[in-house]
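All values below come from the heavy atoms of this structure, side chains included, with hydrogens, waters and symmetry mates left out.
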Amino acid sequence: MMTPPQQAPKVSPHLSIIHYPLSIILTSLLLGSCTPSESPPPEDISPPVASPSPTSDPSPLSLSDPDFEVQQQIQTYLNRLSGQGFDPQQQGIWLQTDDRLLGEIGGTIPLPAASLTKIATTLAALREFDLDHRFSTQFFRRGEINNGVLEGDLLVVGDMDPLFVWEEAIAIANQLADLGLQEVTGDLIIVGNFFMNFEEDSVLSGELLKQALNTRLWTGDAEAQYRTLPPDTPRPELEISGQVRRLEILPSDIESDVEFLLGHQSQPLPRILKLMNRYSNNAIAHMLANAIGGAEVVRENVIAATGVSPREIQLINGSGLGRENQISPRAVIQMYQAIQRELAPEGLTLADVVAVAGEPEGILTVRPLPPYAVLKSGSLNAVSTLSGALPTQDKGIVWFSFLNGGGDIEILRAEQERFLRELEAQWGAVDELPPNLQMTPSKIY
């Protein structure tokens, strides 16, 4: 029957530095936040509705009492951009501590957020899924196995695992070989939403899986990923004679004929989110947002969790591709703080799902940022965004949000980095993450 036994995945309890598969890193470089300027077609966006009051959310900060000195520094930052030809109307800045607004310009006006949109997807995923949620991929046979030959079809039932890549497929192939399976005379049937190598086309993903199961079909990419595996990893040779076919669901007349072979579970949700944000992987963000229900469901979750005005967030997808994804600088900070609230009961922090400057891997390693800032960046054509938490000695955690646009993103990045370094020098650098931002890898890996 279709219902397989549920087995807990084996997870190392003492990984503190994650070395992600090269396929994930390379794909992130191709699909990351510095992406083409063309936008995907917009989805319908619901009209603004009254904002609900979020649970345990602090009272909104007063906009009438910023820190005069910080407000002047923000104006200086804006003047520097204006002096280099950037339109002041395309800049949004917000700085605050946990309980006081330090300064802002255009802080409540939605602007193109680029990959800061992934913070919205992160928050929505934490609200929609349990923290220990893992996406499942299951393998079944239809037919009998005689002398290593399955006289029938191999079925794959997918559940939107966003991290099923070459390495997972090779491991599955070797597990099938351990079960005695060497050949399939029938088809490879994909049921539901099976994704591989960040391809959201399930049939194409099935073709990639068919390649991965058989060394003789490997491309150069598959061979390169195999070489990242332990040197004693067997080379699978599972031959499938038939075609790749897809079924939306499994018909009842077939369901009674299939037998469970094995299952694969993804990494836990916090690790998926950390990977998505560290490498700004658009494909993972798209898959997670779609698994939740789409951009509007992501937006609804953000509004419910933060109480932010619906006018301060408009989304067309979960990744940030497209200038139509617009969020106010204030709303971005409210999303970070809502993520903290979602994670705190489980002993996790923002740093468990968002990149930390100074980590050895990720798209931010090349940028001169304060080493213990917990942050996310974003880039589109003529748009550069940067936001997160800056730990300081004098003011504790300073939440910052820069949404900049209108020209050369390299200049915008340099000015963001300069401003953050100035603030760090002014308020004192820390030599470690504060307790409420420390990573807790033993809980999620």
Tell me, please, which residues at least two apart from [X] pass side chain to side chain contact (heavy atoms under 4.5 Å, CB included).
X    : result
E417 : R367, P368, L369, R413, R421
N174 : I170, T233, P234, P236
E237 : N214, T215, R216
A113 : L116, T117, I327, L403

Using residues 142-151 as the side-chain source, report each donor-acceptor pair under 3.5 Å to any protein atom, sequence neighbours left out, with the distance given to one decimal.
unit_1 : atom_1 : unit_2 : atom_2 : d
N146   : ND2    : E151   : OE1    : 3.4

Going by the salt bridge (Lys or Arg N to Asp or Glu O under 4.0 Å) test, which pairs reach into residues 196-211, not counting sequence neighbours?
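Passing the test, one end in residues 196-211: no pairs.
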
- Item | salt bridge (Lys or Arg N to Asp or Glu O under 4.0 Å) partners of residues 122-133, not counting sequence neighbours, each pair once |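 Checked against salt bridge (Lys or Arg N to Asp or Glu O under 4.0 Å) - neighbours excluded - the pairs reaching residues 122-133 are R127-E342.
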
| field | Pairs satisfying ring pair (Phe, Tyr, Trp, His ring centres under 6.0 Å), at least one member in residues 210-239, at least two apart | value |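 Ring pair (Phe, Tyr, Trp, His ring centres under 6.0 Å) check on residues 210-239 returns W218-Y226.
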
Ring pair (Phe, Tyr, Trp, His ring centres under 6.0 Å) pairs, two or more places apart, involving residues 327-378
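Ring pair (Phe, Tyr, Trp, His ring centres under 6.0 Å) check on residues 327-378 returns no pairs.
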
Q.
Just to verify, what does H133 make a ring pair (Phe, Tyr, Trp, His ring centres under 6.0 Å) with, not counting sequence neighbours?
A.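 F129, F135.
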
**Report entry** Residue pairs, two or more places apart or on separate chains, that pass side-chain hydrogen bond (donor to acceptor under 3.5 Å, both in side chains) and touch residues 178-192
**Finding:**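 Applying side-chain hydrogen bond (donor to acceptor under 3.5 Å, both in side chains) to every pair that reaches into residues 178-192, excluding sequence neighbours, yields D187-R245.
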
(Q) Using ring centroids (six-membered ring only for Trp), state whether F164 and F195 fall under 6.0 Å. (A)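 Not under 6.0 Å, so no.
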
| message | Quick check: F139 with F260 (ring centres under 6.0 Å apart)? | response |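 No; F139 has its ring centre 6.0 Å or more from that of F260.
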
Donor-acceptor pair, side chain of T349 and main chain of Q438, under 3.5 angstrom
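Pair found, side chain donor or acceptor close to backbone of Q438.
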
Hey, does F140 have a side-chain heavy atom less than 4.5 Å from the side chain of L261?
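Answer no - side chains too far apart.
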
message: Among L423, T392, V430, L420, which residue satisfies the side chain to side chain contact (heavy atoms under 4.5 Å, CB included) criterion with P370?
response: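 Among L423, T392, V430, L420, the one meeting side chain to side chain contact (heavy atoms under 4.5 Å, CB included) with P370 is L420.
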
Residues forming a salt bridge (charged side-chain N to carboxylate O under 4.0 Å, His left out) with R227, sequence neighbours excluded
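Salt bridge (charged side-chain N to carboxylate O under 4.0 Å, His left out) check on R227 returns E223.
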
May I have the step-by-step check of side-chain hydrogen bond (donor to acceptor under 3.5 Å, both in side chains) for S319 and H286, ending in yes or no?
CA-CA 6 Å; S319 69; H286 284 156; 2.9 Å; yes

